[in-house]
Amino acid sequence: MLELRLVQGSLLKKVLESIKELVTDANFDCSSTGFSLQAMDSSHVALVALLLRSEGFEHYRCDRNMSMGMNLNNMAKMLKCAGNDDIITIKADDGGDTVTFMFESPTQDKISDFEMKLMDIDSEHLGIPEAEYHAIVKMPSSEFARICRDLSSIGDTVVISVTKEGVKFSTKGDIGSANIVCRQNTSVDKPEEATVIDMNEPVSLTFALRYMNSFTKATPLSNTVSISLSNELPVVVEYKIAEMGYVRFYLAPKIEE
Amino acid sequence: NRNQKSIKSFYSTV
């Protein structure tokens, strides 16, 4: 038996909106640690890892580890029916082939339940070791989204370079080229508006903008984003989910053959 | 010319 009650139901709605473009079907894993997911996009270029820790739920019951295969578009359709202020409860029976999403309005005068069919999904799970990165850039998530959107109107790829001068996002296309440099600015009024660059070594990597733009669908989840870079390794674009966990996107770089 | 790598080429399956 599984029963997870999330008072801030809008978080789950936002999580689904952030990943459904990248991944079609995925297994949600439920254990005593929390509600999690790891899935690759269909081309196996990017990977998303989600964790919602059990402590972040008002009520968290998971009698035994469960993996529930869901079509993310269908799940998003159901969660769209929840109000932004609704409490969402996820329920499933051990060995059952459905999951139920229950929505309660804040005043408890409207209670809905939506039952969704589960599916069997063969998925590969990748082991991602904790790594030391050459550079970690933390910046406002809206600024990062703006940069990715702006650059994708010029080119298809972005070169992200971190030096002690700052972080540079560059692209080139048929009509021309563009460079956007963000310098560290820790003296802003609000910490979430700061750009903080933690660099051990300069790093420069090339990525497909299409994926970066897809990751920025997670912008509503967090005011800030952190971008972890090491030469020749996938970038990690992380959006923290307040007091609950994170959505992390891993993207393989384009590498000279 | 740069080629897109697969994410699977960086991590092992568990």
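Chain naming here is simple, since letters A, B, ... match the order of the sequence lines and numbering starts at 1 in each. Since we're looking at a predicted model, the values are computed, not measured.
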From [atom1] ([X]) to [atom2] ([Y]), nearest 0.5 Å:
X      : Y     : atom1 : atom2 : answer
A/H125 : B/S12 : NE2   : OG    : 11.0 Å
B/K5   : A/H44 : NZ    : NE2   : 16.0 Å
A/Y250 : B/F10 : OH    : CZ    : 13.5 Å

Residue set satisfying ring pair (Phe, Tyr, Trp, His ring centres under 6.0 Å) with A/F35, at least two apart, ordered chain then number -> A/F28
Please step through side-chain contact (heavy atoms from CB on, under 4.5 Å) for the pair A/L126 and B/T13, ending with a clear verdict.
-> CA-CA 4 Å; A/L126 301 184; B/T13 309; 3.9 Å; yes
Given A/L47, A/D41, A/T206, the one with more heavy-atom pairs under 4.5 angstrom with chain B than any other is A/T206
Apply side chain to side chain donor-acceptor pair (under 3.5 Å) to A/S42 and list each qualifying residue two or more places apart in sequence or on a separate chain.
-> none
Counterpart residues, side chain to side chain donor-acceptor pair (under 3.5 Å), relative to A/E17 (two or more places apart) = A/K20
So, for A/A252 and B/Q4, which heavy atoms are closest and what is the spacing to 0.1 Å?
-> O-NE2, 2.9 Å
Between B/Y11 and A/P129, the two heavy atoms sitting closest are CD2-CD, 3.9 Å
Verify the neighbour count for atom [atom1] of [X]: are there more than 12 heavy atoms of other residues, nucleotides or ligands below 6.0 Å?
X      : atom1 : answer
A/K217 : NZ    : no
A/D120 : CG    : no
A/D122 : CG    : no
A/E256 : CD    : yes

Inter-chain contacts: residues 137-168 of chain A against chain B, heavy atoms under 4.5 Å | none
Start with the C-alpha distance between A/E124 and B/K8, add both sets of side-chain angles, then the distance that settles side-chain contact (heavy atoms from CB on, under 4.5 Å), and finish with yes or no.
-> CA-CA 10 Å; A/E124 288 172 283; B/K8 289 165 73 176; 2.8 Å; yes
Might you work through the side-chain contact (heavy atoms from CB on, under 4.5 Å) test for B/I7 and A/M40, ending with a clear yes or no?
-> CA-CA 8 Å; B/I7 194 86; A/M40 282 179 275; 3.6 Å; yes
